[in-house]
**Q** 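The structure under discussion is supplied below as structure tokens; questions concerning it will follow.
Computed over heavy atoms, backbone and side chain alike; hydrogens, waters and symmetry mates excluded.
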Amino acid sequence: MKAAGRSARTRLRDRVAASDPGLLRLTAGLRTVGAIALALAVLAVSGADVTHLVAGAMTAMVATFAIREKELGAQAVTLALGLPVALASVSVSSLLTSRVVIGDVFFVVLIFCAVFVRRFGDRGTALGLIGFQVYFVSLFVGAKVSVLPELLGAIAVAFVCSAVVRFAVVPETPAGVLQRLRQAFRARLAQLIATQTELLDAGPDGIEKTLEHLRDGTARLHETALMIQSRLEEGTPDESTARLVQRRIADAEIAAERLGLLLLTARSAERADTLTLHLPGAPAPSVGSSPAPGEATEILRRDLGALRTLVLRPPSEARGTALSHLRNRLLGYRDEENLPEATPAVQDVFRGLGETARAVMGLRIALDGPQDESDDTPATTRSREELDAEDAAIDAGEETSAKEEPTGFRRPTTRAAVQVAVGSSLAILGGEFLSAERWYWAVLACWIVFLNTASTGEILVKGYRRVLGTMLGVVAGIVLAGVVGGHTWIAFGLVLLLIFAMFYTAPLSYTLMSFFVTAMLGLLYTLLHTYSLSVLLLRLEETALGAACGIVAAALVLPIRTDRRTNELLGTVLERLTDVTEGAVDQLSGGAAADLLDTARELDQALGDLRAATQPLTHPITPLRARRNTAQYVVALLETCAYHARSLAATAELLPTHPSIAADPRLRGAVRRTVRNIEAIAAHVADEDARTEVETGPSIASLLEPDAAGVPRYGRITGRVLRHLERLDEAVVGLARPLAVPVRTPAR
């Protein structure tokens, strides 16, 4: 009974971990709600009126969500610096209440400074956000000099309560976050394997849906891997440990994605295209009734289940020999042990199972420490020795060179500061015409559409989402205000629920976040006895006006067009792709060892930036359907290229420690054309008038054909490298058409 209960808890924990990696959204929601609730309790006990309760609650929310630093010490310093900034902001706001013009000018200057200081990192961003938001809070509650001492006290209480909840009630250490992210990676890896199992039984009618789940699972696993990489430096005790975890995460991700491709190939009549896993809506391959009729299918289904068990089973429950037996059987496929009688494509799936099992074992050792070796078979011992040799070869002495930062108006923070200052000035003027009392809503909307955006298109999409969420929130606010009536504490309870929902859904949907914010404000107006239908409709009008002012400022003042930004990011992705490919092939050809892990990580980060920048082009409401399809196709091709480049890098990293992998100088010749093509595309993206062209030629796969005597020219590992190079070459040539780069086929 206890075991069943523990298993149920484990399954629930895995589901939560997979849906919210690192529990970051849950922690943010709980911490913010806890800070607000504690501030309300302290202020209520001290006899504060409703106005100060609202001010304290809003300040506690700001003081909590503004701080984004990972180290606890840095968070404490920023929170301590934020208190005098908040006190100064509300004091100036109270003093300038009766001086409208001076107050408006100061507000614009404050907005400029709040964005300008983002150049100083997370601390500058937090202090700027606190200064702006607390000034807004003072406008919202109508702060005056006569009540300034009480208001300052409420703000101080809010900061103290935020600190108590952050450091004592809901603490979050970098090591703890990283540990939860590791659990999320395991859970998402297990979900991906479960989806791969569905491929065995998916028929012609269900293959499209299964393939869509496979794409989602692959993307979610990659997202979690990137989140782990961003937390490794703070969450691990030393750089060697960080690099070890990074390597094992990358190995597991690559092996799992390759296993999915092998399963797709086994189900279809031809080798599956990697692009199928990365392009939304890509046609599914034609599938037969079963990948391997008879016993082989049942063995494959059983072994996929065994692999999933290896991923999920924690060390505390890995007692006895059952788990060791599963692991040994799967690892045996790497040595061609007990391969079932089946087609070559299906046998490749079993080999892929063995490779994935090895990656999972390495992941378990890296995350959970040494494992029991008493039941190891020779195949398991060999895999373990390979992993130990890789661990010993990790060199943590790499130095990173400082990147050149842009200056003047080329610096993003300076440009954004000027844009948001101009947009806010327009919002103040327009907002005053709509309402002399609540004009600041337009300024807030203008400010928010500039947060975490870098191009006119991104601002346009964000403005649209905010207006849509506000429209829906107005309706919810009307309903909630009518239900709550004059019940103060019921209203505050609903406010807490809405705030939690706002922070929990913020990373998922900006529209949902805006909905919860507007519904919450309807309740706050009820508490302040200023609620009416006209007030909520005015908020909608002010929000639309503010979003429009932000879009106008972004389009006319130092604009960054979406095309320009995506081209810059595309050039960066191509440059990183060249670095990874050349570095990996050079090492596989006998060249000097390089830090391929960090180079591959830079490629992933650049691709993630490009993916985010193309959202305005791929948004469902965009009227330019052909442009949307092109953007999706290009990003999918680049993700395909990145997968093959990561695979090459992972293989090259194994070269110094694996006797089965030998350097082959002939690989340099195989990659030259691909690198030239990447550079040609990059040159065309940087300058459309550049006279460059992509060159095609004999297939790299033709190098795998045996010689006249029937003897293979390359070994199995080198053959895998050549297949990755072939797929990479095909994907690079495929980029030429949507990017309008001429393609030349040399004459025979």
**Q** What pair of heavy atoms forms the shortest contact from V311 to R186, and how long is it?
**A** CG1-O, 3.3 Å
**Q** Measuring only between side-chain heavy atoms, which start at C-beta, is L214 closer than 4.5 Å to L264?
**A** yes
**Q** If you measure from OG1 on T566 to CG on D609, what distance do you get to the nearest 0.5 Å?
**A** 12.5 Å
**Q** Can you find a heavy atom in the side chain of L304 that is under 4.5 Å from one in the side chain of L259?
**A** yes
**Q** With the side chain counted from C-beta on, respond yes when L638 and L570 share a heavy-atom pair under 4.5 Å apart, and no when they do not.
**A** yes
**Q** Inspect the contact between E730 and R727 and indicate whether a charged nitrogen and a carboxylate oxygen are less than 4.0 angstrom apart.
**A** yes
**Q** Work out which heavy atom in P21 is nearest to a heavy atom in L181; give both atom names and the distance.
**A** C-CD2, 3.6 Å
**Q** Does the R188 side chain pair with the main chain of R220, one donor and one acceptor, at a distance under 3.5 Å?
**A** yes
**Q** Between the side chain of H684 and the main-chain N/O of L739, is any donor-acceptor distance below 3.5 Å?
**A** yes
**Q** Ignoring hydrogens, what is the shortest heavy-atom contact between A731 and T640? Give both atom names and the distance.
**A** CB-CG2, 4.2 Å
**Q** Taking N677's backbone N and O only, do any of them form a donor-acceptor pair with E695's side chain (distance below 3.5 Å, no angle check)?
**A** no
**Q** Sequence neighbours excluded, which residues qualify as side-chain hydrogen bond (donor to acceptor under 3.5 Å, both in side chains) partners of R673?
**A** D729
**Q** Show your reasoning for whether salt bridge (Lys or Arg N to Asp or Glu O under 4.0 Å) applies to D604 and R601.
**A** CA-CA 5 Å; D604 287 334; R601 178 181 176 184; over 6 Å; no
**Q** Rounded to the nearest 0.5 Å, what separates atom CG in L189 from atom CG in L310?
**A** 10.5 Å
**Q** With heavy-atom distances below 4.5 Å as the criterion, would you say the side chains of E639 and R611 are in contact?
**A** yes
**Q** Is it true that R215 and E212 make a salt bridge, defined as a side-chain N closer than 4.0 Å to a carboxylate O?
**A** yes
**Q** Would you name the heavy atoms of A606 and T572 that are closest together and state the gap between them?
**A** CB-CG2, 4.0 Å
**Q** Indicate yes or no: at least one non-hydrogen side-chain atom of L596 is less than 4.5 angstrom from one of V580.
**A** no
**Q** Hey, mind stepping through N567 and R564 against side-chain contact (heavy atoms from CB on, under 4.5 Å) and telling me if it holds?
**A** CA-CA 5 Å; N567 282 347; R564 174 184 164 188; 5.8 Å; no
**Q** Under 4.5 Å between any side-chain heavy atoms of L722 and E726, yes or no?
**A** no
**Q** Are the side chains of V245 and R182 in touch, meaning some heavy atoms are under 4.5 Å apart?
**A** yes
**Q** Any idea which heavy atoms bring A652 and Q587 closest together, and the distance?
**A** O-NE2, 2.9 Å
**Q** Between the side chains of D348 and R351, is the shortest nitrogen-to-carboxylate-oxygen separation below 4.0 Å, so that they form an ion pair?
**A** yes
**Q** When you measure from the side chain of Q196 to the backbone N and O of A256, does any donor-acceptor pair fall under 3.5 Å?
**A** yes
**Q** Considering all heavy atoms of both residues, which atom of I299 and which atom of Y333 are nearest to each other, and what is their separation?
**A** CG2-OH, 3.9 Å
**Q** Should H222 and R646 count as side-chain neighbours, where that means a heavy-atom distance under 4.5 Å?
**A** yes
**Q** The test is side-chain contact (heavy atoms from CB on, under 4.5 Å); show your working for R576 and D579 and say whether it passes.
**A** CA-CA 5 Å; R576 300 290 178 267; D579 293 341; 4.1 Å; yes
